[in-house]
Amino acid sequence: LKTEALQLVEQAEDAKALQDVKVQYLGKKGPITEVLRGMGKLSAEERPVIGQLANEVRESIQGAIEEKQARFEKEALEKQLSEETIDVTMPGRPEPAGGPHLLTKIIEDMEDLFIGMGFNVAEGPEVEQDYYNFEALNLPKGHPARDMQDSFYITEELLLRTHTSSVQARTMENSEGKGPVKIICPGVVYRRDTDDATHSHQFTQAEGLYVDKHVRMSDLKGVLNEFAKHMFGDERDIRLRPSFFPFTEPSVEMDISCKVCGGEGCSVCKGTGWIEILGAGMVHPNVLEMAGYDSKEYTGFAFGIGVERIAMLKYGIEDIRHFYTNDVRFLNQFHKA
Ligand code: FA5
């Protein structure tokens, strides 16, 4: 019986087969239980001999079963461990990551540059009072130069700001006639312009303003030169043209040589080789006085940069609408820019 049982244990190929052997030999209906149960019928001499024998057989079968069981468990564990091994040296699966928009990057880059030149970053509301957008900038109601910036009015007194110059009016007013003021102010502006390759009804400007005693046109030129060199490198040409803004006197516009240029058919410079990126000038005495400055004591310069146009020239982007349609094939090109 013992040999037979041990042989079956030996042959058992899995835990289930082993359990069957256990039930068959050691179970309640198994031969050993039967022998032990029948002990009462044996004589006093036979009982210890048979009892001991039966126990011995049971223990050795039990021992063999337990040993085999332990082996099965160990094998199962080893199998599981080897299957679940993690190779920490394997390269990971990269998750697609977003990144800042190209315009955000240009703005941050500009902020860094101007902060380095002593400017502070300022902000103002996009829904603006007519007063700060026009009147405080020497553009009274009915002034023909208001037509230069066709506006989205909300009420008679409120509009979507047409330029970031509204922030210079606010900042100067806040400093109550006591200089200096040195700010850079990036933000979104709105105009009723017809959309084309270089114009959008919503675009981004960055305003600069420096008011102090003895600020001169040459200071403006120096700062703009620094800006152009930083943005475009030495290989691009800049030019200043005389211009007109009601809030500056004298006024200029700055052009950069076109990089997108395909000559006559160029969508960005229309074959001229130049694109206008900013307006600037010396703050008009009327504007200083309206904000509470003594224009005999204080002077200042201001400029308003078109941020999209900077990006277009820097990266050779041929249409301003790419910035807003959010095609990821366009946006992804500038993740590492
Ligand atoms: C102004 O907005 C003045 N406030 C700039 C200024 C500030 C002058 C301080 C003097 C002192 P202008 O309308 O030219 O100026 O616009 C400035 C720049 O914004 C332009 O050079 C151009 O780069 C950009 N820009 C103007 N209109 C659009 C448009 N519709 N879409 C995209 N960019 C535009």
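For clarity, every value in this text was computed on a predicted model and none was experimentally measured.
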After noting the C-alpha distance and the side-chain angles of Tyr25 and Ile65, does the key distance pass the side-chain contact (heavy atoms from CB on, under 4.5 Å) rule? CA-CA 11 Å; Tyr25 288 89; Ile65 288 176; over 6 Å; no
Under the ring pair (Phe, Tyr, Trp, His ring centres under 6.0 Å) criterion, do Tyr293 and Tyr298 qualify, and how do the steps go? CA-CA 7 Å; Tyr293 278 94; Tyr298 282 94; 5.0 Å; yes
What verdict does the ring pair (Phe, Tyr, Trp, His ring centres under 6.0 Å) test give for Phe114 and Phe303, after you've listed the backbone C-alpha separation in whole Å, the side-chain angles of each residue and the deciding distance to 0.1 Å? CA-CA 13 Å; Phe114 283 106; Phe303 55 85; 5.5 Å; yes
Go through it in stages, so that I can follow the logic: the residues are Val283 and Met172, the test is side-chain contact (heavy atoms from CB on, under 4.5 Å), and I'd like the CA-CA distance, side-chain angles, deciding distance and then a yes or no. CA-CA 11 Å; Val283 180; Met172 271 193 274; 4.2 Å; yes
For Thr325 and Asp327, run side chain to side chain donor-acceptor pair (under 3.5 Å): C-alpha distance rounded to whole Å, both residues' side-chain angles, the deciding distance at 0.1 Å, then the answer. CA-CA 6 Å; Thr325 42; Asp327 184 333; over 6 Å; no
Under the side-chain contact (heavy atoms from CB on, under 4.5 Å) criterion, do His199 and Ile320 qualify, and how do the steps go? CA-CA 7 Å; His199 293 84; Ile320 197 169; 5.9 Å; no
Apply the test side-chain contact (heavy atoms from CB on, under 4.5 Å) to residues Leu331 and Phe323: give CA-CA distance (whole Å), side-chain angles for both, the deciding distance (0.1 Å), then the verdict. CA-CA 8 Å; Leu331 298 175; Phe323 292 111; over 6 Å; no
CA sep, side-chain torsions, deciding dist, call: His163, Glu207, side chain to side chain donor-acceptor pair (under 3.5 Å): CA-CA 8 Å; His163 52 181; Glu207 190 83 4; 6.0 Å; no
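A salt bridge is defined here as a Lys NZ or Arg NE, NH1 or NH2 lying under 4.0 Å from an Asp or Glu carboxylate O, and Arg241 with Asp255 meets this definition. At a threshold of 4.0 Å, the pair Lys16-Asp14 does not count as salt-bridged, since none of the basic side-chain nitrogens sits closer than that to a carboxylate oxygen. In summary, Lys79 and Glu75 do not engage in a salt bridge, as defined by a charged side-chain N under 4.0 Å from a carboxylate O.
Surrounding CZ of Arg321 are more than 12 heavy atoms belonging to other residues, nucleotides or ligands, all under 6.0 Å away. Other residues, nucleotides and ligands contribute only 12 or fewer heavy atoms inside 6.0 Å of the CD atom of Glu123. For Arg192, the CZ atom sits in a loose shell: 12 or fewer heavy atoms of surrounding residues, nucleotides or ligands are nearer than 6.0 Å. Environment of NZ in Lys221: sparse, with no more than 12 heavy atoms of neighbouring residues, nucleotides or ligands closer than 6.0 Å. Residue Gln24 places its CD atom among more than 12 non-hydrogen atoms of other residues, nucleotides or ligands, all under 6.0 Å distant. By the neighbour-count criterion of 12 heavy atoms within 6.0 Å, atom CD of Glu67 is sparsely surrounded, having that number or fewer from other residues, nucleotides or ligands. Heavy atoms of other residues, nucleotides or ligands lying less than 6.0 angstrom from CD of Gln11 number more than 12.
Arg37 contributes a side-chain N or O that, together with a main-chain N or O of Lys28, makes up a donor-acceptor pair within less than 3.5 Å. Remark: the backbone N or O of Phe203 is not paired with any side-chain donor or acceptor of Ser200 at under 3.5 angstrom. Counting only distance, with no hydrogens or angles, the side chain of Asp212 and the backbone of Thr299 share no donor-acceptor pair below 3.5 Å. Under the 3.5 Å distance criterion, the side-chain polar atoms of Asn138 are matched with a main-chain donor or acceptor of Pro246. The backbone N or O of Ser295 sits less than 3.5 Å from a side-chain atom of Glu289, completing a donor-acceptor pair. Panel note: side chain Gln52, backbone Val49; no donor-acceptor pair is recorded below 3.5 Å. Within the 3.5 Å criterion, the main-chain N or O of Glu10 finds a donor-acceptor partner in the side chain of Lys68. A donor-acceptor pair is defined here as one N or O able to donate and one able to accept, closer than 3.5 Å; no such pair exists between the side chain of Asp294 and the backbone of Gly177. At least one donor-acceptor pair closer than 3.5 Å links the side chain of Thr171 to the backbone N or O of Val167. Thr33 places a side-chain N or O within donor-acceptor distance of the main-chain N or O of Gly27, the cut-off being under 3.5 Å.
With a 4.5 Å cut-off on side-chain heavy atoms, Trp274 and Cys258 do not count as touching. Side-chain contact between Ile32 and Leu1 is present, with at least one heavy-atom pair separated by less than 4.5 Å. A heavy-atom distance below 4.5 Å is not found between the side chains of Asn120 and Lys182. Contact check for Ile238 versus Asn225: side-chain heavy atoms found under the 4.5 Å cut-off. Side-chain contact check for Val121 versus Ile183: every heavy-atom pair is 4.5 Å or farther apart.
Ile256 CD1 to Asp237 CG: the interatomic distance, rounded to the nearest 0.5 Å, is 9.0 Å. Rounding to the nearest 0.5 Å places CD of Glu308 at 8.5 Å from CD of Gln202. In this structure, Lys2 NZ and Ile61 CD1 are separated by 8.5 Å, a value rounded to the nearest 0.5 Å. We find the CD-CG distance between Glu126 and Leu159 to be 12.0 Å, quoted to the nearest 0.5 Å. The CG atom of Leu224 sits 5.0 Å away from atom CE of Met254, with the distance rounded to the nearest 0.5 Å. Leu209 CG to Phe119 CZ: the interatomic distance, rounded to the nearest 0.5 Å, is 8.5 Å.
Remark: aromatic rings of Phe330 and His322 are close, center separation under 6.0 Å. Aromatic rings from Tyr324 and His201 are positioned such that their centres are separated by 6.0 Å or more.
By the criterion of side-chain heavy atoms lying less than 4.5 angstrom apart, applied directly or through intervening Ile, Leu, Val, Met, Phe, Trp or Tyr residues, Leu313 is grouped together with Ile305 in one hydrophobic cluster. Taken together through direct or relayed side-chain contacts under 4.5 Å among Ile, Leu, Val, Met, Phe, Trp and Tyr, Met312 and Phe232 form part of one hydrophobic cluster. Using a 4.5 Å cut-off between side-chain heavy atoms of Ile, Leu, Val, Met, Phe, Trp and Tyr, with links allowed through other members, Val215 and Phe245 fall into different hydrophobic clusters. Note: the hydrophobic cluster containing Met282 does not contain Leu137 (ILVMFWY, side chain heavy atoms under 4.5 Å, direct or indirect links). Both Leu240 and Ile275 belong to a single network of hydrophobic side chains, linked directly or stepwise wherever heavy atoms of I, L, V, M, F, W or Y lie under 4.5 Å apart.
The minimum heavy-atom distance linking Val181 with Ser175 is given by the pair CG2-OG, 3.4 Å. The shortest heavy-atom contact between Gly51 and Met39 is CA-CE, 3.4 Å. For the residue pair Arg191 and Thr162, the shortest heavy atom distance occurs at NE-O, 2.9 Å. Shown here for Ala206 and Met110, the closest heavy-atom pair between the two residues is CB-CE, 3.3 Å. Nearest approach of Arg236 to Ser257, heavy atoms of both residues: NH2-O, 2.9 Å. When all heavy atoms are compared, the tightest approach of Ala5 to Val21 is O-CG1, 4.2 Å.
A side-chain N or O of Glu173 and one of Tyr132 form a donor-acceptor pair less than 3.5 Å apart. Counted by atom type alone, Asp109 and His230 present one or more donor-acceptor pairs between their side chains at under 3.5 Å.
Applying the salt bridge (Lys or Arg N to Asp or Glu O under 4.0 Å) rule to pairs touching residues 144-171 yields Glu128-Arg170, Asp130-Arg146, Lys141-Glu157, sequence neighbours excluded.
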